[in-house]
Amino acid sequence: MINNLKNIHDQLIIADKSFSSRLFTGTGKFNDQQTMLAALKASRSELVTMALKRVDMQNKDDDILAPLIKNGMNLLPNTSGARNAKEAIYAAQLAREALQTNWLKLEIHPDPKYLLPDPIETLKAAEVLANDGFVILPYVHADPVLCKHLESAGCAAVMPLGAPIGSNKGLKTLDFLEIIIEQANIPVIVDAGIGSPSHAALAMEMGADAVLVNTAMAVAGDPVAMSEAFAKAVQAGRQAYLAGLAGQVNHAVASSPLTAFLEAG
Amino acid sequence: MINNLKNIHDQLIIADKSFSSRLFTGTGKFNDQQTMLAALKASRSELVTMALKRVDMQNKDDDILAPLIKNGMNLLPNTSGARNAKEAIYAAQLAREALQTNWLKLEIHPDPKYLLPDPIETLKAAEVLANDGFVILPYVHADPVLCKHLESAGCAAVMPLGAPIGSNKGLKTLDFLEIIIEQANIPVIVDAGIGSPSHAALAMEMGADAVLVNTAMAVAGDPVAMSEAFAKAVQAGRQAYLAGLAGQVNHAVASSPLTAFLEAG
Amino acid sequence: MINNLKNIHDQLIIADKSFSSRLFTGTGKFNDQQTMLAALKASRSELVTMALKRVDMQNKDDDILAPLIKNGMNLLPNTSGARNAKEAIYAAQLAREALQTNWLKLEIHPDPKYLLPDPIETLKAAEVLANDGFVILPYVHADPVLCKHLESAGCAAVMPLGAPIGSNKGLKTLDFLEIIIEQANIPVIVDAGIGSPSHAALAMEMGADAVLVNTAMAVAGDPVAMSEAFAKAVQAGRQAYLAGLAGQVNHAVASSPLTAFLEAG
Amino acid sequence: MINNLKNIHDQLIIADKSFSSRLFTGTGKFNDQQTMLAALKASRSELVTMALKRVDMQNKDDDILAPLIKNGMNLLPNTSGARNAKEAIYAAQLAREALQTNWLKLEIHPDPKYLLPDPIETLKAAEVLANDGFVILPYVHADPVLCKHLESAGCAAVMPLGAPIGSNKGLKTLDFLEIIIEQANIPVIVDAGIGSPSHAALAMEMGADAVLVNTAMAVAGDPVAMSEAFAKAVQAGRQAYLAGLAGQVNHAVASSPLTAFLEAG
Amino acid sequence: MNVFVNERKTEIPQGCTIEALLNLLESPLKGSAIAVNQSIVSRSQWSEYKLNDGDQISLFQAIAGG
Amino acid sequence: MNVFVNERKTEIPQGCTIEALLNLLESPLKGSAIAVNQSIVSRSQWSEYKLNDGDQISLFQAIAGG
Amino acid sequence: MNVFVNERKTEIPQGCTIEALLNLLESPLKGSAIAVNQSIVSRSQWSEYKLNDGDQISLFQAIAGG
Amino acid sequence: MNVFVNERKTEIPQGCTIEALLNLLESPLKGSAIAVNQSIVSRSQWSEYKLNDGDQISLFQAIAGG
């Protein structure tokens with residue numbers, strides 16, 4: 001009972017928005033737009049990130065916004081492709097114009113091989129954009145001290161990585177995510193590296209406020225079913241966190257009483 | 001579509017029974033019977049294990065069977081407490097009489113500290129009990145060769161451990177569970193050590209046919225909510241397995257196109 | 001001082017033999033015999049395992065024994081290739097005749113893909129061979145209960161695996177090796193899976209009495225240097241075990257006093 | 001042969017200094033100065049870090065420098081206690097005066113609980129101090145992008161952490177240390193978290209140029225023996241790296257030929 | 001006459017059956033198993049099986065346990 | 001007169017506004033952003049903002065991306 | 001007369017011993033083991049043990065192997 | 001006259017140099033660093049640098065620390 005009530009009201013609040021689903025998603029790498037939409041619907045996600053690109057006048061991409069908005073999803077434009085603060089700020093302003101939202105996934109990765117975020121440029125951009133009224137969710141390395149700086153800079157949440165984007169390696173930064181979660185006064189959203197529902201569940205069990213998953217859904221054999229699976233796993237992990245997990249012990253603890261049978265005979 | 005159809009028919013068959021839920025549970029360690037029943041209901045489990053004990057004539061335990069049967073759960077008596085084949089066989093025969101079922105969770109653990117199963121005595125007992133018409137689910141170490149022996153002996157499934165009973169340590173035997181799953185021609189049920197929904201999801205993602213969870217539910221802060229969480233996690237893991245997980249890669253793979261903004265300006 | 005004294009006398013005793021080196025080796029997979037000999041010398045190993053084979057009358061293998069014996073190494077014939085107790089016993093008796101030693105690495109692996117040991121057949125063979133006067137070192141899965149059975153059967157030591165032979169995966173069975181080491185009254189030699197000196201050091205730090213390494217030396221870019229490296233790592237791990245490692249803590253512990261400088265100014 | 005030659009010349013060069021030993025150490029946490037000196041000697045370390053403190057006029061600490069210098073160790077003053085760039089710069093200048101060396105272990109950790117380094121303030125201080133002629137070895141989180149910034153700022157090496165200082169947890173940042181090592185053009189010294197010789201060996205096997213160990217030596221049961229053990233492990237790991245480790249495989253690879261005995265009979 | 005139920009001396013009437021004993025003990029039949037002098041007596045025989053003086057009766061019951 | 005839309009020479013009528021240009025290009029207004037000679041022009045000004053000969057126009061659009 | 005050494009037909013003189021056979025085959029005694037018709041013949045008997053026509057001889061030798 | 005060494009009032013003779021002060025305090029020169037009123041005074045100047053009444057002197061020393 002109590003628990004069900006608890007879950008009914010277990011909303012995630014970021015800035016001015018409230019979310020029932022703690023699974024955030026992306027629009028990248030799907031084979032086609034129809035699959036993408038079906039998968040995002042199946043995920044029940046309420047926040048979806050997308051990129052911005054100069055239009056290629058020869059062959060234009062089809063419009064992805066309309067259907068997303070129609071499905072009541074909130075848009076989270078990102079600055080992917082930006083290699084420094086200056087580019088990211090420019091991208092952010094364009095994104096705000098294009099999508100008419102001040103929400104922003106701030107990502108700055110100078111290195112094309114591992115796409116790891118730049119702590120220095122990210123903080124620099126965050127400080128500028130926060131003053132410019134953006135709701136900033138920065139994608140960062142799992143660096144607890146950096147996360148506190150970003151919190152002070154006025155970010156609405158932090159998005160530390162579990163492993164390099166698209167690697168599906170899971171929570172390689174677990175020991176540091178725990179510290180970030182312990183210290184943060186803003187929501188912590190684990191982003192990048194989550195390759196399977198069990199990874200997502202683990203992040204939620206640790207007390208993460210949400211996870212962002214894209215690649216693992218998009219490249220699955222059946223993206224729609226996989227997105228459903230992620231939705232369930234995120235709920236499971238969150239519910240387990242709220243229900244209070246027991247710790248690990250180093251010896252065995254019988255779950256059956258040990259009764260000797262022959263003597264008993 | 002296909003996937004939904006697939007899931008509709010995704011029944012687990014063991015011997016003569018068919019299961020919609022791949023989460024098996026136990027009755028141990030709950031604070032009280034009411035909590036136990038509420039939790040088992042929440043878990044949607046269809047197979048529940050219990051022990052057998054000599055009745056203490058002074059103070060008798062209350063009857064747990066009636067409510068379980070009333071809830072349509074199948075009973076899986078276990079031989080916990082048996083320290084060798086002889087004791088296990090005796091316990092099995094008593095259990096069959098008491099519960100009027102030939103299903104049996106065969107467990108033989110001579111060592112009271114870690115409660116690890118005895119491969120020699122377990123196989124010996126399995127051979128005898130199989131000839132005596134039992135449907136045997138043996139609890140064993142994650143030993144692929146032993147599992148093949150038990151399969152040949154006529155066991156209906158194998159229940160390799162993830163970690164010592166009640167340790168909540170998760171899938172410490174992962175590398176060997178993978179081999180067991182690859183080689184088995186009977187269902188593989190991961191038992192013991194599963195301490196959180198993410199552990200259960202991982203086992204299912206690997207292709208386990210089911211998991212058995214007891215301690216982690218019973219000792220949770222809120223056992224009912226935790227059981228629900230496990231139910232969702234097992235579904236998530238199974239669905240992910242069927243949907244086809246992508247592998248891990250060692251570099252990053254962009255989920256957004258990388259477009260340089262300033263040049264773009 | 002004390003420590004140096006301790007190390008001087010830190011001999012490993014198995015049956016009638018005493019070893020200064022806790023690194024056991026094998027003769028397999030080297031490119032040529034000269035490299036093998038140089039590597040084994042560099043390893044300072046005092047116990048070397050080898051196989052037995054029917055002679056191919058067309059093209060005979062060159063004699064590997066003479067040089068090993070010349071280098072004062074003790075021979076540990078193994079029963080590799082045996083798929084059950086009967087074959088292993090036959091192989092053991094042939095080996096005793098061929099190498100004139102009653103020492104034996106008992107290995108029985110029916111499965112050619114993972115070469116995992118058979119617990120049932122291994123115990124059966126051990127019981128027979130112990131009565132026949134063999135000094136038995138059985139290669140087994142990291143199964144603590146099985147190891148106790150083998151101890152009772154009269155084995156001189158147990159050789160639990162870290163990971164499948166030749167996989168170089170390290171101590172995947174760590175949690176169970178710890179239990180085996182805690183419970184054993186005979187030496188515990190970690191065999192199979194040790195792929196790098198750090199793996200060997202870890203096994204020794206845990207309290208293993210010795211390790212057996214072959215593949216990682218034989219297939220290294222420079223087998224001689226690699227064997228030297230393993231020798232150092234085994235010494236390092238053993239010395240650390242004797243010197244008493246401190247445990248892990250979950251927070252940081254300053255190794256410098258924290259003095260605030262500006263106030264200090 | 002080649003290998004021995006290789007090792008003879010395997011010197012680590014940082015700025016103007018060349019090191020035969022790749023084990024750097026610290027002076028903290030030892031029970032007494034005599035033990036510290038004996039341990040540092042046993043470690044064969046050639047670079048030792050120490051802190052700076054305002055003198056307490058009531059009870060002064062004894063002079064630790066003289067004996068270190070007498071033992072021909074190079075001094076690496078650190079800025080521990082500094083919580084921002086300004087404090088660190090001040091501490092660095094004092095250290096240079098006090099120890100008459102421009103070498104500096106730059107560490108800035110605002111958070112007293114986990115002592116994790118501050119990426120922003122560390123880079124800021126590094127830029128200033130590099131222009132002031134310091135040879136800077138910054139202690140940083142295992143953040144590959146930050147390490148490249150520090151390299152560009154003129155640091156002589158980078159010292160990414162394996163785990164929080166004094167936690168003895170080992171290489172929790174392994175996946176990112178690999179990237180740092182792959183991308184760095186300056187030496188990479190793994191610092192903090194190394195709790196046992198096997199951890200140190202692993203770091204060296206991965207291609208780290210050196211490791212810094214303090215706590216694990218100082219708090220060991222026998223610090224002198226433990227320091228010796230670390231020295232051997234670092235050599236082992238380095239030698240293994242140079243000798244070329246083989247990769248991991250997922251199946252077993254027989255190290256003995258598989259010959260069937262009975263047919264053979 | 002007397003029998004011993006899980007080591008406890010219990011007086012029962014002559015010709016008492018197992019079923020009668022269980023009723024006497026107010027013990028549920030469901031979920032119970034019985035061994036008399038070490039050997040298990042199948043439920044189907046409980047109504048006929050007559051106990052003898054001095055019989056060692058073991059009474060087992062299903063209980064909570066993982 | 002001519003402007004350059006993402007480097008591509010495009011002929012437009014005198015006094016053409018950004019909004020007019022987008023219609024000309026059959027480009028959706030929704031999800032688009034415009035910069036003229038590097039500086040972003042807010043959507044609210046598109047209907048008035050008149051383009052000049054030789055203007056460098058950057059046209060951006062939202063696309064799929066994680 | 002003929003014997004079979006590891007399946008290979010080999011002509012040997014009457015009354016040939018195992019030791020003589022090994023010399024004949026230029027096979028080292030050290031590191032070798034012999035079974036005649038499945039049963040192992042201990043090294044100590046090699047000098048006396050006379051082979052019979054048609055004997056199946058298995059010759060084993062130590063080889064490299066982990 | 002009086003100066004303050006790490007907050008502690010200390011009487012010193014007129015025209016006392018840093019070097020003299022350290023001798024006075026029986027403090028080793030090696031491994032020490034000095035700041036007078038926040039600014040660091042390099043070792044080379046210690047023998048000339050004359051202290052003034054009321055100077056705030058900070059004396060630092062190398063100590064054990066990882």
Side-chain angles (χ1 to χ4, degrees), chain B residues 82-85 88 107-127 138-153 158 160-165 167-184 192-193 195, chain C residues 82-85 88 107-127 138-153 158 160-165 167-184 192-193 195:
Chain B
R83 291 159 313 183
N84 55 46
E107 46 182 306
I108 302 178
H109 25 59
D111 166 23
K113 179 167 181 195
Y114 296 105
L115 298 172
L116 293 171
D118 185 324
I120 309 300
E121 296 294 312
T122 301
L123 180 60
K124 204 184 297 173
E127 285 163 343
Y139 165 60
V140 289
H141 195 51
D143 178 335
V145 180
L146 177 62
C147 287
K148 293 306 285 182
H149 278 303
L150 289 160
E151 180 178 319
S152 310
V158 286
L161 58 82
I165 294 176
S167 69
N168 291 333
K169 282 185 161 190
L171 306 188
K172 293 300 189 176
T173 57
L174 187 133
D175 296 76
F176 300 93
L177 291 173
E178 282 175 343
I179 298 174
I180 291 169
I181 290 167
E182 174 190 335
Q183 298 184 333
Chain C
R83 291 159 313 182
N84 54 47
E107 46 182 305
I108 302 179
H109 25 59
D111 166 22
K113 180 165 179 196
Y114 296 106
L115 299 172
L116 294 171
D118 185 324
I120 309 300
E121 296 295 311
T122 301
L123 180 59
K124 203 183 300 173
E127 286 163 343
Y139 165 62
V140 289
H141 195 50
D143 178 334
V145 181
L146 177 62
C147 286
K148 293 306 285 183
H149 278 303
L150 288 160
E151 181 178 319
S152 312
V158 285
L161 58 81
I165 294 176
S167 69
N168 291 332
K169 283 185 160 190
L171 306 189
K172 293 300 190 175
T173 58
L174 188 133
D175 295 75
F176 301 93
L177 291 173
E178 281 175 342
I179 298 174
I180 291 169
I181 290 167
E182 174 189 335
Q183 298 183 332

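Hydrogens, waters and symmetry mates play no part in the numbers below; they use all other heavy atoms, side chains included. In what follows, chains carry the letters A, B, and so on, assigned in the order in which the sequence lines appear, proteins first and then strands, with residues in each chain numbered from 1.
- Both the backbone and the side chain of C:Pro119 come within contact range of chain B, each with at least one heavy atom under 4.5 Å from a heavy atom of that chain.
- With values rounded to the nearest 0.5 angstrom, B:Leu146 atom CG is found 8.0 Å from C:Asp143 atom CG.
- Looking at C:Leu161, only its side chain comes within 4.5 Å of chain B, counting heavy atoms on both sides.
- C:Lys113 contributes atom NZ, which lies 7.5 Å from atom CD of B:Gln183 (distance to the nearest 0.5 angstrom).
- When all heavy atoms are compared, the tightest approach of B:Ile179 to C:Leu116 is CD1-CD1, 4.0 Å.
- Checking side-chain atoms of C:His141 against main-chain N and O of B:Ala142 turns up a donor-acceptor pair under 3.5 Å.
- The shortest distance between side-chain heavy atoms of B:His149 and C:Asp118 falls below 4.5 Å.
- Interface residue C:Ile120: backbone and side-chain heavy atoms are both found under 4.5 Å from chain B.
- Here the closest non-hydrogen pair linking B:Phe176 and C:Ala163 is CZ-CA, 4.2 Å.
- Only the side chain of C:Asp111 comes within less than 4.5 Å of a heavy atom in chain B; its backbone stays farther off.
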